Every structure is written in structure tokens, then in C-alpha cells.
Q: 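Here it is, the structure in full.
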Amino acid sequence: MTDTAQPPRRVVLVDGSGFIFRAFHALPPMNSPDGTPVNAVYGFCTMLMKLREDTRPDHMAVIFDTKGKSFRNDFYPDYKAHRPPPPEELIPQFGLIRDAVRAFNLPSIELEGYEADDLIATYARQAAEQGADVIIVSSDKDLMQLVTDRVEMFDAMKNRTIRADEVMEKFGVAPDKVIDVQALAGDPVDNVPGVPGIGVKTAAQLITEYGDLDTLLERAGEIKQPKRREKLLENADMARVSRDLVRLKTDVPVTLPVDDFDLREPDADVLLSFIATHGFKSLTSKVKAKFGGTVDENGITEAGTGVNDVSVTKAEYELVQDEESLKKWIAKADYEGVLAVDTETTSLNAHQARLVGISIAVKPGEACYIPLTHGMGDEETEPKAAQGGFDFGSDPAGDKETADIPKQIPVKRTIELLKPLLEDRGVLKIGQNIKYDKIIFARHGIDVAPIDDTMVLSYVLDGTSHGHGMDELADLHLGYKTIKFTDVAGTGKNQLTFDQVPLDKALDYAAEDADITLRLHRLLKPRIAQEHMASVYETLDRPLVPVLAKMEALGVKVDADKLRDLSSDFATRMAALETTIHEMAGETFNLGSPKQLGEILFEKMSLPGGKKTKTGAWQTGADVLEALAAQGHDLPERLLEWRQLSKLKSTYTDALANHINPQTGRVHTSYGQTNVNTGRLSSNDPNLQNIPIRSEEGRKIRTAFIADKGCKLISADYSQIELRLLAHVAEIDALRNAFKNGEDIHASTASKVFGVPIEGMDPMVRRKAKAINFGIIYGISAFGLANQLGIPQKEAKEFIEAYFEIYPGIRDYMDRAKEFAKTHGMVRTLFGRKIFINGINDKNGMRRSFGERAAINAPIQGGAADIIKRAMIAVPGALQDAGLKTRMLLQVHDELIFEAPEAETEQAVKVIRDVMENAASLSVPLIADAGIGDSWADAH
DNA sequence: CTTCTCACG
DNA sequence: GACGTACGTGAGAAGT
């Protein structure tokens, strides 16, 4: 890589995947300060430290399996088919181990479609051919075939070197005959068939006698033992397939050469910080002795400034306009194993934006911008229809255009070159709101992975105590004022799209974005473990990013004709109502203006009960109008009807039609992952989480959400998830039992609170209990409940008292939640998500009560959000494993909507419900109900 | 750019 | 005794 690099003499290749499993089982359980299991990570770190000492390599790399299928499955689908899933405590450690490799400044290598063993085989061959000695750190017998006089293995757990002698001991043959023995003996763990009845002993004997597998199979007829002869003749093909399975591939198309494994010192403070955040205190002094550094075991620098001091110095950024230069940047990123990436486009809407350029940062201050379509209008990609009459001079149009278009690498070629890097499982891609960039890249055929997202990191750490936009984060954490988009593109009507921004300005802006993202990552990522958020980030919010990106890209089919019909129906009825209302009022006015309406109702008509808002305007909300209507006033009644139709038309039928993407014919929402204080998602552009359902008229909108041809929609929703969660976290036995017995929870509550039998219950009684149940979740007050039910406050207060009587423990839970919030300024969900509570210690009583109610509600709402996130992360894989094509489209807090080929709907429902109901294990059952239909209205 | 109203869980 | 509240969102229209 660098000019000073020496050719490799001593190369250490660590089998990272093999080590994780062995360390996990060999070491006692350990947890980081936030409770994430880390025993395998700890074992790995101590092993790496020791390895550098003991083996003194000049080149070193850690190699991992990827989780998907390998090329072996192409010719033998059952290969490794019976592997049980890894233990729950190991799962979060896979990601952390890769982080550890980076902290040690070692290359982390993996490649989709290949196992770690194949990569090791390939690199071992390459290194040996260059004359280097190779040490493979592994005890996996499958790697023993690689042993030569240049290549040895080292079992780091047992401190044992494995050479030809040890291989002979294990397999009874020399290393070059190991695959022949394995082919005969098979391997039940990896599901390699072999020849039945032949084990390692017999296999070694046979191979020794006949020389090799092919000769043996050719001459199998000569074998004296009849059983053995028969089996060999019968299973000759199986033996050959088995040999193909166990033979490691030594020509994997690896992207990084062995030369790039040259051993570099880690950044001592980065490493110390990693160690401190995971609680590996015993390693601190060893690391300091070896590498220096100034961070203590608590992650604090001795100078007291913290490792997170990242000063931003004005950097030189590079404009990339040719392939040579681009390849250089790709190599740099590959070498670092981590990069920040950002796309520049023509629109904030990822589904219709056109790619304009890409920026990449590989180190703080080291970033580039690759312009792609600057100076090119849409006509460059989508040729306009020919039109006459506008050809003014005799200037050849082509010359004019090329004069304006700067030199740029073709989009297609750039994508081709970047794809291996952006899809390399061993290279971390960091983005600020990388979901957006993932969608853009997906439209160009690139599946960006693995990822980290500074916006999501910031959200997991700080909740919504501040925004998570890059400009704000840069100012907050780096004290740096970024170049604003409006600085380069202008504002208002004359705002340029990014493809119109001159290259010099584009370079400064775009490269800075990637640079700042990388710097923010260095600062925020260590805090995740320090502040005990590893589990939330690693198992919930990070894995959710690609899931949401897919859902958004898929979109949902919407019937434009249906919307148009509804819209015109609403318009007709609104016009009629408008005439009637104007007649009643005796004058025309804007029905949509609360101000004008208030004046008509309370001044002109002098209706009673007028109240003003804090700004002095008349209140004309639905509750006020309903009260007036109940007194027999017609105008408010009609106006309510008009308002409903107006809302449905403007917000739904009309607006939704404008959101249908012309290319896909579908509506693509965008999910906000960092907007909601409690951990819920939000949906915008358009908001598909508030499509009407409660009113008959409104529900019609849902008939316009339909399945694609040959498909059905499936809607699966959690039943009473928040009440169940309340029963669980507050440990309310009576409530838990009601759920365990599958009772109607509102009727059950009503029966207990009001002392009436469930059989033949007055629906009004049940309704009251339902309101109390909901009220409890919201941090009940007598005022609120009275308002909700339209009963005197005194009566509401009695209900609440009765409720606390029958469910003792509720009050305790509420007090605990409030107390915790007062002390810590936040509450936590079951899964460890922090929810910051504003105003909990405010002097103002009203703001304080507000905070107290939020503190009661947040663990419930947030816990439910965590659970459905877990389900969303698991469902796509479960559907795929079941061989189904069903795809998840939408999430509405406790409901998931899928599109399923008709033939597989029943099977899909089973898989979906199973995943949802097992997304968390609580002391109450989780129940998901599902419906199937042609439209969302039918499926619900 | 803020306020009001109303759609959802 | 009065305050003015149910928890969490996003969007359209009016009125500054």
C-alpha cells in the first residue's frame, strides 16, 4: 500500500468466526456495563493482544464468515443446513467483535458467498507464494488441509501449534490427504454426507492403502470386506460431492491484497476507549504498556478532556473526475475498513431523486466528492420528445451542452466500481440518515451494508432532547458551523438543484458532509457502550434501518381512480352543505376559518358556551361543536359534517393521489426513525400512519389501498399490546391472569370495578372501563377521564379509586416511574431504551404534571415500540426461510401490513403471527390478530 | 412561520 | 381555590 511497506514475511490470519464461538463457550458469562453480553469479545481482545506478542507478525488480518449461504449451497443445498441458530447472548457480539478488530486497527475481511475458511485458504496460498510464513489462528479441523511447511495453525485457546504431525495425529494422513479422508468420513456437524459406515480411522486406512480418493473409488471392487465394498460402490458420488464440500477454495476473488495486511499500531486512545466502554478493565494497563495512550479504565483521558475531542481543521478535499482517482479512493477506504458516504441528489424524496454525486470520507479531513450528473438536465437521462420551433442560432446544440457539462465519470461506471466496496461485509459504511442513501443506491443496484448511522446513534443516545440533523450535531459536538445547503444552492423560487451547483462549491459542501459524518461517528459510537445503549442500538435501531429502507422502496399500491371517485363525492356533498350553512348563518363565510366561524356562532348568533383559546380566539373544536349540536343547534351539526368531508378530501383523497409515484404506481412513505420521544416510528410524505378508520366515511379511504395483481394484503396487529405491557412491567397479577385466560380485558375490568357480571353487560359499562384502561396508560387524571366520558369529575375520581383497589400495584408502578424520572431525568423501556422526560422537575406544576404523565406512559408506549421493531427485524428473514415471497409494506405502531401472493397468504399469516407473538417473552401472552383482503379496508 | 383542527395508535 | 391536562405523532388551511 505505502511505499515503505515491506513484502510479507510472517502473516497471521485469524479465523474470527471460529474464535467467536469457541471463546463464547469457553469463557464464563460477562456483561458490559449496560448488560450486553461480551465474554466472547473480551476473549477475542485478550487473544489479539497475546497474538501480537507471541507470533510477532508483520502482516495480520481477521477473517469472518458472512451470514448468508455460500457457494457450497449452490451444489449441495443441505450444506450446514442443520446448524442451530447462535445463542441469544452471542448475537450482539458478532457486531462488537468487528468493532474490536477496527479498534485494534486490523483489517476485517469477509466476502458474501464465501466462508471464512475459503478466504483464509486463498490468503494463505497468496502469502506462501510470496515466500511468507503463514500462521492460521484456528483450531478448526477443516483448515488442517492447508498445513504445509510454510503454513501452520495455532490454537489460541490451548496455546498449541498444529503442524503436519498434529494433522497426522488427527486424521491419520498427511495434510494433503485430509480432504480425501474427510470426503469418506463425512461430517455430521456441517452436514457433509461422506460414506455411511466409514469413519476417520477406516478412511485413513483406505486412503493410505490406495493413495487417494479417486484411485480408491476406481478400485473399490477389490475391497475384501463385503459391507465396506458395497457402501463404497453405492456412495462413490456422495464421496465426490463431499470432497467438493470440504475442499477449500484457494482462488476466491478477494479485493484486498495480502500486502495491505501490513501490521499497524492501533490508535491507543481509540483502543483504550473501546476497552473501557466494554468494561475490560484488566486490559487497560496492558494496552497502555504496549501502545501508550492517555485514556483510563473509565474512558476518561488523563488530561480530562475526553477522547472525544475532535477538532475540526479546514481540510483539503479532492474532486474526483476520472477512474484512476476514484480507484485510489476506493483502495483507501478498503484499506481503512471504514468510510463515511453521502449522496447528493435533486430531491429530498429518495424515491424520485436523481443521483447527482457521491462523497466519501476515509479519515477526518480526508474526503472526496465524485460529481456524476452536474450540468446535465433530466434530458440527459430521459430524452425529451423532439420539438420544433425553438432552434434559434446555427450553433450545434451538442457543443453548447458539452461546454456546460464538466468532466465526470459515467454514473454506470462509478456504480460498477463502488459496488464491491459498498457491499463488502468487512467495510463499515457510515452515513447521516443512511436510509436515504441506501434507497438511492438500491435504485442503482447496490445493497449498502454493513452500516452505521450517526443520526440514529445520536437519537439512541440523546432521545429528542435535541434534533439530529447534521448541521445541528456538528455545531453541538464539534463546535463547527457547516456549509448550509442554502449557501450553495440559494433559497426560494430560484433555489438551484444540486446538479446546477458549480463543482467547486459542490465539492466543499458535499465532501464536508462526509467528513463531518465520519468525525461525528468517532465521537458518538464510543458513547453507545459508555452510556449502556449497545443493546438498543445493535439489536433494535441499527438493524431496523435496512428493513425500513426496503419497506419504503416497495411502497404500497393505491387505486387512483378510487380516490378520484371518493374525492368528487366528497366535493359534491361539501358544496351542498356549504349552501345550507351559509343560509343558516344568513351570510357567506369561509367554513374553513375557525376565526370566522367563531364570530358567527358566538357573536352573531350568540350561542352559549363560547370559550376562548389562550390567544383570544373562539374555540371551535369538534368537542365544542358537538356540545352545541347536542343542544339542538343545526349549524354546528352541519359544520361538523362539512369539516369531516373537508378533512378527508384535502388531507387524504386529494393529497394521497399526488403522492402516487408515476414510475411505480405506488405510494412510498418515509419513516422517521428519530422523531418520536418514546421510540416509536413516525411516517411522513405522506403520513400513512393516520389513514382514517374510526368513521364510516373515513374508512372508505382504506379501500383505495390495494394489493398488487395476484396478491392480497395481510394486516396483522397486536391485541392490547400496551395494556399487556403494563400488566407485565407493573406486575399486576389480576390483569396478567385476565390476559392469560384470554378474557375480554375491558369487560373484565368493568366487571371488577363496577361489580357486574360479564354476561349481559351494558355496553356503556364496558365503555367506561375501556376509557379507564386507556386513561391508566396515559397517566390518568380525574379531569381527563371525566372529560373523556362526559361525567362529573367526582364520579371519575371514584372510578379511578376503585380501579386502584382491584389492581393494586398500578399506583406503585406509577410512583416508581415518576420517582425514577425525577432522579434520572429519563425512564427506560424493558429493552433499555432511554426516554428523556421534559419538565419532570419543573417549578411550574402544570409542566411537572405533564412530565409525570409522560413518565408513566413512556415505558409502555416505548416498550411496545421496541417489541414491534423486534418483530419487524425478524419477519423478513422468517418469511424468506419459509420460502415465501410475502413482503412487509407498512407499520402503524401496533400493526404490520404485508403484500402476499394469493397462494401463500395462509402460510404467510402463520409465519407473521408466530414472529410477532414471540418478539418478546413477557409474563403475559402476546397475541397478534391477522386479516386478509384485497384492500386495507378488507384486511383489517 | 405559527395556530388551529383533526386523522391515527 | 384556580390553574387546564389525558400519551405519542403529521398535515392542511388560515392567518399572521
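Bear in mind that the values here come from a model prediction, so they are computed numbers and not experimental data. Just so it is clear: chains get the letters A, B, ... in the order the sequence lines come, proteins before strands, and each one is counted from 1. The analysis underlying the following values was restricted to heavy atoms, covering all of them including side chains, and did not include hydrogens, waters or symmetry mates.
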Q: Quick one: which of C/dG15, C/dG10, C/dC7 gets closest to the side chain of A/K595?
A: C/dG15

Q: Restricting to pairs with a member in residues 587-596 of chain A, which pass side-chain hydrogen bond (donor to acceptor under 3.5 Å, both in side chains), not counting sequence neighbours?
A: A/E587-A/K604

Q: Could you state the atom-to-atom distance from CD of A/Q793 to C1' of C/dG1 in whole Å?
A: 13 Å

Q: Which part of the nucleic acid, if any, lies within contact of A/L785, taking any heavy atom under 4.0 Å across all strands shown: a base, the sugar-phosphate backbone alone, or nothing?
A: base

Q: Any base atoms under 4.0 Å from A/F850, or only sugar-phosphate, or nothing? Heavy atoms, all strands.
A: sugar-phosphate

Q: Hey, does A/A855 reach any base, or is it just sugar-phosphate, or nothing, if we go heavy atoms under 4.0 Å?
A: nothing

Q: When the C1' atoms of B/dT2 and C/dA6 are compared, how many Å lie between them, rounded to an integer?
A: 24 Å

Q: Just call it for A/S781: base, sugar-phosphate, or nothing, with non-hydrogen atoms closer than 4.0 Å on any strand.
A: base

Q: Roughly how many Å is it from CD in A/E599 to P in C/dG15, rounded to a whole number?
A: 9 Å

Q: Provide, to the nearest angstrom, the distance between the NZ atom belonging to A/K797 and the C1' atom belonging to C/dT5.
A: 16 Å

Q: So, are A/E603 and A/K612 salt-bridged, with charged N and O less than 4.0 Å apart?
A: no

Q: Count the heavy atoms belonging to other residues, nucleotides or ligands that lie under 6.0 Å from CD of A/Q495, then report whether that count exceeds 12.
A: yes

Q: Want to settle it: does A/N687 or A/G592 sit nearer the 5' end of DNA chain C, counting the closest nucleotide to each?
A: A/N687

Q: Consider the side chain of A/S682, meaning its heavy atoms from C-beta on, and name the nucleotide among C/dG10, C/dC7, C/dG12 that approaches it most closely.
A: C/dG10

Q: Is the centre of the A/Y807 ring less than 6.0 Å from the centre of the A/Y803 ring?
A: yes

Q: Go through the side-chain N and O atoms of A/E552 and A/T669 and say whether any donor and acceptor fall under 3.5 Å apart.
A: no

Q: Please measure how far the P atom in B/dT3 lies from the corresponding atom in C/dT5, and state the result in whole Å.
A: 14 Å

Q: Between C/dG8 atom P and A/R680 atom CZ, what is the distance in whole Å?
A: 10 Å

Q: Compute whether any side-chain donor of one residue and acceptor of the other, for A/S683 and A/Q689, lie under 3.5 angstrom apart.
A: no

Q: Rounded off to whole Å, could you give me the CG-to-P distance for the A/N857 and C/dC7 pair?
A: 8 Å

Q: Mind checking if A/A858 touches a base, just sugar-phosphate, or nothing, with heavy atoms under 4.0 Å?
A: nothing

Q: Using only side-chain N and O atoms of A/R853, determine if any of them is under 4.0 Å from OP1 or OP2 of C/dC7.
A: yes

Q: Without decimals, in angstroms, what is the distance between A/D685 CG and C/dA11 C1'?
A: 10 Å

Q: Specify the separation, in whole Å, of atom CE of A/M574 and atom C1' of C/dG12.
A: 12 Å

Q: Please tell me whether A/N773 and A/H746 have a donor and an acceptor in their side chains that are separated by less than 3.5 angstrom.
A: yes

Q: State whether A/R811 and A/E801 are salt-bridged, where the test is any N-O pair (Lys NZ or Arg NE/NH1/NH2 against Asp/Glu carboxylate O) under 4.0 Å.
A: yes

Q: Between which nucleotides of DNA chain B, 5' to 3', does chain A make heavy-atom contacts below 4.0 Å?
A: B/dT3 to B/dG9

Q: Which is true for A/I780 with a 4.0 Å heavy-atom rule: it touches a base, it touches only sugar-phosphate, or it touches nothing?
A: base

Q: Using a cut-off of 4.0 Å on non-hydrogen atoms, how would the nucleic acid contact of A/R694 be classed: base, sugar-phosphate, or nothing?
A: base

Q: Go ahead and write out DNA chain C as dot-bracket, 5' to 3': ( ) for pairs within the strand, [ ] for ones crossing earlier pairs, | when the partner sits on another strand, dots for unpaired; Watson-Crick or G-U wobble, both distances under 3.5 Å.
A: ......|||||||||.

Q: What's the CD1-C1' distance between A/I835 and C/dT9, to the nearest Å?
A: 14 Å

Q: Are any of A/N675's side-chain N or O atoms less than 4.0 Å away from OP1 or OP2 of C/dG10?
A: yes

Q: Taking atom types as modelled and ignoring hydrogens, do the side chains of A/S567 and A/D654 form a donor-acceptor contact shorter than 3.5 angstrom?
A: yes

Q: Any side-chain N or O of A/Q689 under 4.0 Å from OP1/OP2 of C/dG8?
A: no

Q: Check every strand shown and say whether A/E722 touches a base, only sugar-phosphate, or nothing at a heavy-atom separation below 4.0 Å.
A: nothing

Q: When the P atoms of C/dA2 and B/dC6 are compared, how many Å lie between them, rounded to an integer?
A: 29 Å

Q: Please check the phosphate of C/dA14 (OP1 and OP2 only) for any side-chain N or O of A/N590 closer than 4.0 Å.
A: yes

Q: Any side-chain N or O of A/S593 below 4.0 angstrom from OP1/OP2 of C/dG15?
A: yes

Q: Heavy atoms under 4.0 Å, any strand shown: does A/T613 hit a base, just sugar-phosphate, or nothing?
A: sugar-phosphate

Q: Which nucleotide sits closest to the side chain of A/A655: C/dG8, C/dT5, C/dG12?
A: C/dG12

Q: Is the shortest distance from a Lys or Arg side-chain nitrogen in A/K794 or A/E798 to a carboxylate oxygen in the other one below 4.0 Å?
A: yes

Q: For the residue pair A/T620 and A/R643, confirm or rule out a side-chain donor-acceptor distance under 3.5 Å.
A: yes

Q: Just wondering, more than 12 heavy atoms not from A/N838 lying within 6.0 Å of its CG?
A: no

Q: Base, sugar-phosphate or nothing for A/A865? Non-hydrogen atoms, less than 4.0 Å.
A: nothing

